[in-house]
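Just so it is clear, the structure is predicted and the values come from calculations on it, not from any experiment. For the single chain, residues carry numbers from 1 onward in sequence order.
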Amino acid sequence: MLKVDLHCHSNVSDGVLAPAAVAAYARKGGVDAWALTDHDEVKGIKAARQAAAGLGMRFVPGVEISVTWANETVHVVGLQIDEDAPALVQGLAATRAGRDARGREIANQLARAGIPAAYEGALKYVGNPDLLSRTHFARYLVEIGACANTPEVFRKYLSEGKPGYVPHRWATLADAVGWIRSAGGIPVIAHPGRYRFDRTAEGALFDEFKQLGGNTIEVVTGSHTPDQYAVYAEVAKRYGFLASRGTDFHAPGEARVEFDKLAPLPAGLTPVWHDWF
(Lines give C-alpha, C1' and ligand atoms only; values in the text may rest on other atoms or scores of the structure.)
Protein backbone atom coordinates (compact mmCIF):
# COMPACT_ATOMS: atom_id res chain seq x y z
CA MET A 1 0.00 0.00 0.00
CA LEU A 2 1.33 3.43 -0.96
CA LYS A 3 2.00 5.86 1.85
CA VAL A 4 0.49 9.13 0.61
CA ASP A 5 0.86 12.63 2.11
CA LEU A 6 -1.04 15.40 0.35
CA HIS A 7 -0.58 18.39 2.67
CA CYS A 8 2.89 19.88 3.28
CA HIS A 9 4.49 23.31 3.46
CA SER A 10 7.93 24.64 2.58
CA ASN A 11 9.71 27.94 3.21
CA VAL A 12 8.01 29.26 0.08
CA SER A 13 5.11 29.88 2.48
CA ASP A 14 5.23 29.33 6.25
CA GLY A 15 7.34 26.17 6.44
CA VAL A 16 10.97 26.08 7.53
CA LEU A 17 12.59 23.78 4.96
CA ALA A 18 13.15 24.41 1.25
CA PRO A 19 10.90 22.34 -1.06
CA ALA A 20 13.65 19.81 -1.84
CA ALA A 21 14.39 19.38 1.86
CA VAL A 22 10.71 18.76 2.62
CA ALA A 23 10.72 16.09 -0.09
CA ALA A 24 13.74 14.42 1.47
CA TYR A 25 12.22 14.58 4.95
CA ALA A 26 8.97 13.07 3.69
CA ARG A 27 10.84 10.28 1.92
CA LYS A 28 12.81 9.56 5.07
CA GLY A 29 9.45 9.22 6.82
CA GLY A 30 8.40 6.53 4.36
CA VAL A 31 6.23 8.64 2.06
CA ASP A 32 5.74 7.20 -1.44
CA ALA A 33 3.48 9.87 -2.96
CA TRP A 34 3.70 13.48 -1.86
CA ALA A 35 2.17 16.90 -2.49
CA LEU A 36 3.60 20.33 -1.76
CA THR A 37 0.68 22.60 -0.83
CA ASP A 38 2.14 25.97 0.14
CA HIS A 39 -0.19 28.72 1.28
CA ASP A 40 -1.42 30.90 -1.61
CA GLU A 41 1.76 30.24 -3.61
CA VAL A 42 2.99 27.78 -6.24
CA LYS A 43 6.60 28.89 -6.72
CA GLY A 44 8.01 25.87 -4.90
CA ILE A 45 6.37 23.27 -7.11
CA LYS A 46 9.08 23.00 -9.76
CA ALA A 47 11.82 22.32 -7.19
CA ALA A 48 9.53 19.95 -5.30
CA ARG A 49 8.69 17.99 -8.44
CA GLN A 50 12.37 17.61 -9.34
CA ALA A 51 13.31 16.55 -5.83
CA ALA A 52 10.50 14.00 -5.62
CA ALA A 53 11.55 12.47 -8.94
CA GLY A 54 15.12 12.16 -7.73
CA LEU A 55 13.95 10.42 -4.58
CA GLY A 56 11.63 8.00 -6.38
CA MET A 57 8.47 9.58 -4.98
CA ARG A 58 5.31 10.19 -6.96
CA PHE A 59 4.51 13.91 -6.92
CA VAL A 60 1.22 15.82 -6.78
CA PRO A 61 1.37 19.58 -7.46
CA GLY A 62 -0.75 21.46 -4.95
CA VAL A 63 -1.61 24.68 -3.17
CA GLU A 64 -3.54 25.73 -0.05
CA ILE A 65 -5.78 28.75 -0.53
CA SER A 66 -6.95 30.97 2.31
CA VAL A 67 -10.71 31.62 2.25
CA THR A 68 -12.97 33.81 4.35
CA TRP A 69 -16.25 32.00 5.01
CA ALA A 70 -18.78 33.01 7.69
CA ASN A 71 -16.16 35.38 9.11
CA GLU A 72 -13.73 32.52 9.68
CA THR A 73 -10.59 31.58 7.78
CA VAL A 74 -11.03 28.26 5.98
CA HIS A 75 -8.32 26.56 3.93
CA VAL A 76 -8.98 24.87 0.61
CA VAL A 77 -6.25 22.63 -0.76
CA GLY A 78 -5.96 22.21 -4.52
CA LEU A 79 -4.43 18.95 -5.77
CA GLN A 80 -3.21 17.96 -9.25
CA ILE A 81 -3.19 21.59 -10.32
CA ASP A 82 -1.50 23.16 -13.33
CA GLU A 83 0.59 25.69 -11.42
CA ASP A 84 0.86 27.92 -14.50
CA ALA A 85 -2.91 28.28 -15.07
CA PRO A 86 -3.54 32.04 -15.45
CA ALA A 87 -6.69 32.29 -13.31
CA LEU A 88 -5.00 30.44 -10.46
CA VAL A 89 -1.78 32.47 -10.65
CA GLN A 90 -3.69 35.77 -10.74
CA GLY A 91 -6.04 34.73 -7.96
CA LEU A 92 -3.21 33.70 -5.67
CA ALA A 93 -1.41 36.99 -6.29
CA ALA A 94 -4.55 38.86 -5.26
CA THR A 95 -4.90 36.71 -2.15
CA ARG A 96 -1.30 37.38 -1.10
CA ALA A 97 -1.81 41.14 -1.36
CA GLY A 98 -2.22 42.77 2.00
CA ARG A 99 -0.16 40.32 4.03
CA ASP A 100 2.61 42.83 4.68
CA ALA A 101 0.19 45.50 5.91
CA ARG A 102 -1.43 42.95 8.21
CA GLY A 103 2.01 41.88 9.47
CA ARG A 104 2.93 45.44 10.37
CA GLU A 105 -0.32 45.86 12.28
CA ILE A 106 0.31 42.57 14.14
CA ALA A 107 3.73 43.93 15.11
CA ASN A 108 2.18 47.22 16.28
CA GLN A 109 -0.26 45.38 18.50
CA LEU A 110 2.46 43.14 19.92
CA ALA A 111 4.57 46.21 20.65
CA ARG A 112 1.68 47.68 22.66
CA ALA A 113 1.58 44.35 24.53
CA GLY A 114 5.25 44.73 25.46
CA ILE A 115 6.92 42.79 22.63
CA PRO A 116 8.91 45.22 20.47
CA ALA A 117 10.49 44.64 17.05
CA ALA A 118 8.27 41.67 16.21
CA TYR A 119 7.99 42.64 12.54
CA GLU A 120 11.76 42.48 12.08
CA GLY A 121 11.92 39.33 14.18
CA ALA A 122 9.25 37.58 12.11
CA LEU A 123 11.01 38.51 8.88
CA LYS A 124 13.99 36.37 9.94
CA TYR A 125 11.78 33.31 9.44
CA VAL A 126 10.27 34.36 6.12
CA GLY A 127 11.37 32.53 2.97
CA ASN A 128 8.97 34.45 0.71
CA PRO A 129 8.43 38.15 1.56
CA ASP A 130 4.95 38.02 -0.01
CA LEU A 131 3.81 35.45 2.54
CA LEU A 132 4.51 36.91 5.96
CA SER A 133 2.15 35.02 8.28
CA ARG A 134 1.20 34.59 11.92
CA THR A 135 3.37 31.46 12.04
CA HIS A 136 6.47 33.57 11.39
CA PHE A 137 5.55 35.82 14.33
CA ALA A 138 4.93 32.73 16.46
CA ARG A 139 8.40 31.37 15.76
CA TYR A 140 9.95 34.69 16.74
CA LEU A 141 8.02 34.82 20.01
CA VAL A 142 9.26 31.32 20.84
CA GLU A 143 12.81 32.43 19.99
CA ILE A 144 12.71 35.33 22.46
CA GLY A 145 11.13 33.20 25.19
CA ALA A 146 7.73 34.90 25.22
CA CYS A 147 6.15 31.44 24.89
CA ALA A 148 7.38 27.87 25.04
CA ASN A 149 6.05 26.79 21.63
CA THR A 150 4.05 28.03 18.67
CA PRO A 151 0.64 26.70 19.85
CA GLU A 152 1.07 28.71 23.05
CA VAL A 153 1.83 31.82 21.01
CA PHE A 154 -1.40 31.41 19.06
CA ARG A 155 -3.40 30.89 22.27
CA LYS A 156 -1.93 33.91 24.04
CA TYR A 157 -1.30 36.40 21.26
CA LEU A 158 -2.50 35.52 17.77
CA SER A 159 -6.04 34.19 18.10
CA GLU A 160 -9.21 36.27 18.03
CA GLY A 161 -9.54 38.58 21.03
CA LYS A 162 -5.83 38.43 21.88
CA PRO A 163 -3.18 41.12 21.41
CA GLY A 164 -1.62 40.54 18.00
CA TYR A 165 -4.73 39.21 16.27
CA VAL A 166 -5.50 41.09 13.07
CA PRO A 167 -8.31 39.75 10.87
CA HIS A 168 -7.88 39.61 7.11
CA ARG A 169 -10.37 39.18 4.27
CA TRP A 170 -9.24 36.35 2.02
CA ALA A 171 -10.72 34.88 -1.16
CA THR A 172 -14.27 33.54 -1.20
CA LEU A 173 -14.99 29.82 -1.25
CA ALA A 174 -16.31 30.20 -4.79
CA ASP A 175 -13.09 31.97 -5.81
CA ALA A 176 -10.85 29.23 -4.43
CA VAL A 177 -12.84 26.34 -5.87
CA GLY A 178 -13.07 28.14 -9.22
CA TRP A 179 -9.34 28.85 -9.43
CA ILE A 180 -8.48 25.24 -8.58
CA ARG A 181 -10.94 23.80 -11.07
CA SER A 182 -9.76 26.21 -13.78
CA ALA A 183 -6.28 24.79 -13.19
CA GLY A 184 -7.53 21.24 -13.70
CA GLY A 185 -7.25 20.53 -9.98
CA ILE A 186 -9.33 18.94 -7.25
CA PRO A 187 -10.52 21.20 -4.39
CA VAL A 188 -10.25 19.76 -0.87
CA ILE A 189 -11.54 21.21 2.39
CA ALA A 190 -8.44 21.12 4.59
CA HIS A 191 -8.60 19.95 8.23
CA PRO A 192 -12.35 20.60 8.69
CA GLY A 193 -12.15 19.73 12.37
CA ARG A 194 -10.01 22.78 13.05
CA TYR A 195 -12.69 25.38 12.38
CA ARG A 196 -14.90 26.84 15.08
CA PHE A 197 -18.20 26.01 13.44
CA ASP A 198 -21.21 24.43 15.08
CA ARG A 199 -22.89 21.54 13.28
CA THR A 200 -25.27 23.80 11.37
CA ALA A 201 -22.53 26.07 10.06
CA GLU A 202 -20.25 23.17 9.24
CA GLY A 203 -23.04 21.51 7.29
CA ALA A 204 -23.64 24.75 5.40
CA LEU A 205 -19.92 24.87 4.50
CA PHE A 206 -19.99 21.33 3.12
CA ASP A 207 -23.24 21.98 1.26
CA GLU A 208 -21.89 25.10 -0.44
CA PHE A 209 -18.59 23.38 -1.21
CA LYS A 210 -20.43 20.50 -2.87
CA GLN A 211 -22.68 22.85 -4.83
CA LEU A 212 -19.57 24.63 -6.14
CA GLY A 213 -18.13 21.34 -7.40
CA GLY A 214 -16.00 20.27 -4.44
CA ASN A 215 -15.94 16.56 -3.68
CA THR A 216 -13.05 15.91 -1.24
CA ILE A 217 -12.24 16.60 2.42
CA GLU A 218 -9.20 15.85 4.56
CA VAL A 219 -10.03 13.09 7.00
CA VAL A 220 -6.64 12.11 8.43
CA THR A 221 -4.42 15.13 9.02
CA GLY A 222 -1.94 16.34 11.58
CA SER A 223 -4.46 19.04 12.46
CA HIS A 224 -7.06 16.45 13.57
CA THR A 225 -7.12 14.39 16.72
CA PRO A 226 -7.48 10.61 16.25
CA ASP A 227 -11.13 10.88 17.41
CA GLN A 228 -11.78 13.32 14.56
CA TYR A 229 -10.60 10.80 11.96
CA ALA A 230 -13.76 8.79 12.61
CA VAL A 231 -15.95 11.90 12.71
CA TYR A 232 -14.84 13.13 9.29
CA ALA A 233 -14.82 9.65 7.82
CA GLU A 234 -18.56 9.63 8.53
CA VAL A 235 -18.93 13.11 7.04
CA ALA A 236 -17.18 11.92 3.87
CA LYS A 237 -19.54 8.94 3.61
CA ARG A 238 -22.62 11.07 4.25
CA TYR A 239 -21.76 13.63 1.58
CA GLY A 240 -20.20 11.21 -0.86
CA PHE A 241 -16.84 12.96 -0.56
CA LEU A 242 -13.50 11.44 -1.44
CA ALA A 243 -10.99 11.39 1.43
CA SER A 244 -7.55 12.97 1.63
CA ARG A 245 -4.67 12.52 4.05
CA GLY A 246 -1.67 14.67 5.01
CA THR A 247 0.47 15.72 7.92
CA ASP A 248 0.13 19.50 7.36
CA PHE A 249 3.91 19.46 7.82
CA HIS A 250 5.64 22.81 8.47
CA ALA A 251 8.88 21.96 10.25
CA PRO A 252 10.61 19.04 11.98
CA GLY A 253 9.43 18.95 15.57
CA GLU A 254 6.53 21.37 15.02
CA ALA A 255 4.01 18.89 13.66
CA ARG A 256 1.51 17.09 15.86
CA VAL A 257 2.24 13.96 13.83
CA GLU A 258 5.41 13.18 11.86
CA PHE A 259 5.34 11.56 8.42
CA ASP A 260 6.03 8.07 9.73
CA LYS A 261 3.36 8.25 12.45
CA LEU A 262 0.30 9.51 10.56
CA ALA A 263 -2.55 6.99 10.57
CA PRO A 264 -3.96 5.50 7.36
CA LEU A 265 -7.42 6.49 6.15
CA PRO A 266 -10.24 4.66 7.93
CA ALA A 267 -11.80 1.73 6.10
CA GLY A 268 -14.73 2.29 3.79
CA LEU A 269 -13.52 5.55 2.23
CA THR A 270 -12.43 6.24 -1.33
CA PRO A 271 -9.05 8.01 -1.34
CA VAL A 272 -8.82 11.06 -3.56
CA TRP A 273 -5.78 9.42 -5.15
CA HIS A 274 -7.60 6.14 -5.94
CA ASP A 275 -7.02 6.45 -9.72
CA TRP A 276 -3.83 8.53 -9.82
CA PHE A 277 -1.02 6.05 -9.30
Side-chain angles (χ1 to χ4, degrees), residues 7-25 36-48 51 62-68 73 75 83 89-171 190 194 222-223 247-256:
H7 191 157
C8 293
H9 299 278
S10 76
N11 64 357
V12 172
S13 63
D14 60 346
V16 167
L17 303 179
V22 181
Y25 197 77
L36 183 69
T37 56
D38 275 317
H39 289 284
D40 305 317
E41 181 61 276
V42 293
K43 289 180 180 175
I45 287 178
K46 182 178 179 181
V63 69
E64 185 174 12
I65 301 176
S66 305
V67 164
T68 299
T73 299
H75 291 154
E83 68 268 25
V89 171
Q90 293 163 15
L92 294 179
T95 299
R96 291 192 300 270
R99 277 185 180 266
D100 185 72
R102 183 184 70 149
R104 291 180 185 275
E105 180 56 28
I106 289 172
N108 289 339
Q109 291 195 20
L110 290 173
R112 290 194 287 272
I115 301 173
Y119 179 81
E120 294 77 11
L123 283 181
K124 294 190 299 183
Y125 293 92
V126 173
N128 181 345
D130 291 337
L131 282 164
L132 177 63
S133 75
R134 291 184 299 166
T135 301
H136 299 122
F137 284 95
R139 290 180 181 133
Y140 174 66
L141 266 62
V142 172
E143 175 196 325
I144 64 174
C147 294
N149 51 51
T150 55
E152 183 183 351
V153 177
F154 276 88
R155 288 195 304 272
K156 289 186 174 180
Y157 292 100
L158 298 177
S159 59
E160 188 172 358
K162 303 298 183 181
Y165 176 76
V166 177
H168 188 79
R169 297 295 299 183
W170 304 107
R194 210 171 81 178
S223 296
T247 49
D248 197 2
F249 173 84
H250 285 76
E254 273 191 12
R256 180 181 290 168

Does [X] use its side chain to pair, donor to acceptor, with the backbone of [Y] at less than 3.5 Å?
{"X": "D40", "Y": "S66", "answer": "yes"}
{"X": "R96", "Y": "D130", "answer": "no"}
{"X": "Q109", "Y": "G164", "answer": "yes"}

Would you indicate whether the side-chain heavy atoms of L158 and I106 approach each other to under 4.5 Å?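 Contact flag for I106/L158 side chains = yes.
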Using side-chain heavy atoms (C-beta onward) and a distance below 4.5 Å, is D248 in contact with R194?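 They are in contact (side-chain heavy atoms under 4.5 Å apart), so the answer is yes.
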Minimum heavy-atom separation for [X] to [Y], with atom names?
{"X": "C8", "Y": "T247", "result": "SG-OG1, 4.0 Å"}
{"X": "H7", "Y": "A190", "result": "CE1-CB, 4.0 Å"}
{"X": "H39", "Y": "R99", "result": "CB-NH2, 4.4 Å"}
{"X": "H168", "Y": "T95", "result": "NE2-O, 4.4 Å"}
{"X": "A118", "Y": "L110", "result": "CB-CD1, 3.8 Å"}

Can you name the side chain to side chain donor-acceptor pair (under 3.5 Å) partners of S10, sequence neighbours left out?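 Residues passing side chain to side chain donor-acceptor pair (under 3.5 Å) with S10: D38.
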For D100, enumerate each residue passing the side chain to side chain donor-acceptor pair (under 3.5 Å) test, keeping only those at least two apart in sequence or located in another chain.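 Scan of D100 (side chain to side chain donor-acceptor pair (under 3.5 Å), adjacent residues dropped) gives R104, Y119.
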Give me each pair satisfying salt bridge (Lys or Arg N to Asp or Glu O under 4.0 Å) with a member in residues 107-119, each pair once, sequence neighbours excluded.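 Salt bridge (Lys or Arg N to Asp or Glu O under 4.0 Å) check on residues 107-119 returns E105-R112.
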Within this structure, what is the NZ-CG distance for the pair K46 and L36, rounded to the nearest 0.5 Å?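 Rounded to the nearest 0.5 Å, the NZ-CG separation comes to 15.0 Å.
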In Å, rounded to the nearest 0.5 Å, how long is the span from CZ of R155 to NZ of K162?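 Atom-to-atom, R155:CZ and K162:NZ are 10.0 Å apart.
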Quick one: side chains of residues 140-150, donor-acceptor pairs under 3.5 Å with protein atoms, not counting sequence neighbours, listed by atom name and distance.
| residue | atom | partner | partner atom | Å |
| --- | --- | --- | --- | --- |
| E143 | OE1 | K124 | NZ | 3.1 |
| E143 | OE1 | Y125 | OH | 2.6 |
| E143 | OE2 | K124 | NZ | 2.7 |
| N149 | OD1 | E152 | N | 3.0 |

Check salt bridge (Lys or Arg N to Asp or Glu O under 4.0 Å) between [X] and all other residues, then give those that pass, not counting sequence neighbours.
{"X": "D14", "value": "none"}
{"X": "E120", "value": "none"}
{"X": "R139", "value": "E254"}

Suppose the criterion is ring pair (Phe, Tyr, Trp, His ring centres under 6.0 Å): which pairs have a residue in residues 142-166, not counting sequence neighbours?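 Every candidate ring pair (Phe, Tyr, Trp, His ring centres under 6.0 Å) pair involving residues 142-166 fails, so no pair, neighbours aside, qualifies.
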Would you please name every residue forming a side-chain contact (heavy atoms from CB on, under 4.5 Å) with [X], sequence neighbours left out?
{"X": "T73", "value": "H75, W170"}
{"X": "P252", "value": "L17, Y25, F249"}
{"X": "A23", "value": "W34, A51, L55, M57"}
{"X": "N11", "value": "A18, P19"}

